[in-house]
Amino acid sequence: MKTRNGYKVYPLTAAQKFHNYYARYSPGKEILNVGSSLTIDFQLNLEELRKAVYKAYERCESMRARLVYDKEEDQWYQYIGDREEREIEFVDFTGKSMEEAEAEMTAWTRIPFDREDAPMNKVVIIKTPDGFEGMFISGDHRFLDAQSLICFLKDVIELYCSANFEGIPYPSDMRSYIEQVEKDLAYENGSRAQARDREYFHRLIEESEPIYNGVEGPGRLEQARSDTGNSNLRAAPTGSDSFTADIDVFHLEEEPTGRLMKFCEEQHISLQCLLIMGIRTYLQKINQCDDISMQVAYARRATLLEKKSGGTRIHCFPFRTIIPETRTFLEGIHEIRDRQNEVFRYVNFDPAEYLSYRGQYYNPPRGMGYETVSLTYQPATLREKGLTDLGGIRYKTKRYGNGYYSDGMYLSVMHRPEDNGLDFSFEHQTKAYSREQLEYFYYYICKIMFKGTENPNLKTGDIIKLV
């Protein structure tokens, strides 16, 4: 058993190693950071809020995680510290503009967590210029993803409310991060399930080579074919030669969001399936190609242990559909749903191994790939996770960019807490895509989704013509 300072250490899981993989090529290690804030239109007792944060640290192992590097093995390990005793700072932005406050929190997000035996996150209690009070949190993506961030923030608020308001129950216990890590490592250590999943994905890869479809049409693919002298090339550069990135957000209002959600409920499909249909139909339209691939993120939080153990559990895999224009919009969505349900059974597999095998099998030119966009949909919100007990008190969430991204474009779709409308958040290399290009992309995704949900029995080709 390996130990560090008396603590048992564990290897990183596949989900954690994937973050190490792309960070290796980034000019700044802050590419691993995620930053967010939660503020409430309510005057909080700051000392009681500090107590709630410390108690939430005590209840959540992954938020007390530490890294250690073994030079002989050239490998990172992790262990869990006993407690968090570091000072939780209070910053009052009163008197500053909201832009100045957000700029400072963005700067906090760009401070990397790359030291051994040190905390992998930072919490600051804040008061924003509009009088809202709450928390800013930044953390290393190897120990924090969107679901675990929501889970931690919810725990802090529920602990605070339970201690300070009558009738608010004490929140249920978190689950053991280490227990889940041990399950993941057992799977990755040559299990039957891993062998089954490897066989599935290898078979999928070997069926045929995907093809690149660009957000602005086939221009990048045509240029890549010209540059390489290979007229049959099916890959193209998916990003730029610069990791410098920004986040641009576009807002879909509550009422049209409600129409999309109602359609999904009536058709027994997830919004993720509808989003995939919208994106792939736009790419199909602008590239005049039925064979569409994109990266899709899978949260892997089905069991109670997975949901409440924290950490990072996202695995991303290419998702490919070939839907001819003669199929109806609804038939396309049902095919996506069935394929997604199939893929879900195998997503514990290591995505880095998937991409490595596909690269060896088809050998595309260095720096080229097939997927022009990555998608994640965050169905979990603080609103539906128990914060309805706040009696209608308004609250806000905000995401902050770390300044870098490893590929061209990553689209996160999530619900706003104030009205449950949708935010389309594009994290993108600024040299690869401009805000104007992304706004155009967003506009057509929505236009296709609304046209399709209003006329689900229309052929996809007819919807392409109408939009």
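Source: prediction; values computed, not measured. Positions are given from 1, in the same order as the sequence printed here.
- Looking only at side-chain heavy atoms (C-beta outward), Val296 and Met294 come within less than 4.5 Å of each other.
- Note on residues 256-285: pairs passing salt bridge (charged side-chain N to carboxylate O under 4.0 Å, His left out), not counting sequence neighbours, are Glu255-Arg259, Arg259-Glu454.
- Aromatic pair Tyr282/Phe441: centroids less than 6.0 angstrom apart.
- For the pair Thr106 and Tyr400, the minimum side-chain heavy-atom distance is below 4.5 Å.
- Among Asp462, Thr281, Asp290, the single residue meeting the side chain to side chain contact (heavy atoms under 4.5 Å, CB included) criterion with Glu325 is Asp290.
- With hydrogens and angles disregarded, a donor-acceptor distance shorter than 3.5 Å links the side chain of Ser62 to the backbone of Gly311.
- Remark: Glu427 engages Arg399 in a salt bridge, criterion side-chain N to carboxylate O under 4.0 Å.
- Between Thr13 and the choices Asp184, Asn348, Asp350, the side chain to side chain contact (heavy atoms under 4.5 Å, CB included) rule is met once, by Asp184.
- Ring centroids of Tyr346 and His315 are separated by 6.0 Å or more, keeping the two rings apart.
- Closest heavy-atom contact between Ser240 and Lys431: OG-CB, 3.6 Å.
- Exactly one of Lys183, Arg175, Arg313 qualifies for a salt bridge (Lys or Arg N to Asp or Glu O under 4.0 Å) with Glu306. That residue is Arg313.
- Between the side chain of Thr328 and the backbone N or O of Glu331, at least one donor-acceptor pair lies under 3.5 Å.
- Counting only heavy atoms from C-beta outward, the side chains of Phe344 and Arg339 never approach each other to under 4.5 Å.
- Panel note: side chain Ser148, backbone Leu144; no donor-acceptor pair is recorded below 3.5 Å.
- With sequence neighbours excluded, the residues forming a salt bridge (Lys or Arg N to Asp or Glu O under 4.0 Å) with Lys396 are Asp130, listed by chain and number.
- Applying the ring pair (Phe, Tyr, Trp, His ring centres under 6.0 Å) test between Tyr440 and each of Tyr442, Tyr443, Tyr444 identifies Tyr444 as the sole match.
- Around the CD atom of Glu342, the shell of radius 6.0 Å holds more than 12 heavy atoms that belong to other residues, nucleotides or ligands.
- Without hydrogens or angle criteria, Gln16 side chain to Arg142 main chain gives a donor-acceptor distance under 3.5 Å.
- Aromatic rings from Phe424 and Phe250 are positioned such that their centres are separated by 6.0 Å or more.
- Annotation: Tyr354 is in aromatic contact with Phe317 [ring centroid separation under 6.0 Å].
- Using a 30° and 60° split on the angle between ring planes, Phe93 and Trp108 fall in the tilted class, from 30° to 60°.
- Contact of the Pro119 side chain with the Arg66 side chain is registered, since non-hydrogen atoms from C-beta on lie closer than 4.5 Å.
- Residues Glu371 and Thr238 are not in side-chain contact: their nearest non-hydrogen atoms beyond the backbone lie 4.5 Å or more apart.
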N/O donor to acceptor pairs below 3.5 angstrom from side-chain atoms of residues 208-222, sequence neighbours left out:
from: Ser208; atom 1: OG; to: Arg320; atom 2: NH1; distance (Å): 3.1
from: Ser208; atom 1: OG; to: Arg320; atom 2: NH2; distance (Å): 3.1
from: Glu209; atom 1: OE2; to: Tyr370; atom 2: OH; distance (Å): 2.6
from: Asn213; atom 1: ND2; to: Ile211; atom 2: O; distance (Å): 3.3
from: Asn213; atom 1: ND2; to: Asp291; atom 2: O; distance (Å): 2.8
from: Glu216; atom 1: OE1; to: Gln437; atom 2: NE2; distance (Å): 2.7
from: Glu216; atom 1: OE2; to: Gln437; atom 2: NE2; distance (Å): 2.8
from: Arg220; atom 1: NH2; to: Ala432; atom 2: O; distance (Å): 3.1

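- Contact of the His428 side chain with the Tyr410 side chain is not registered, since no non-hydrogen atoms from C-beta on lie closer than 4.5 Å.
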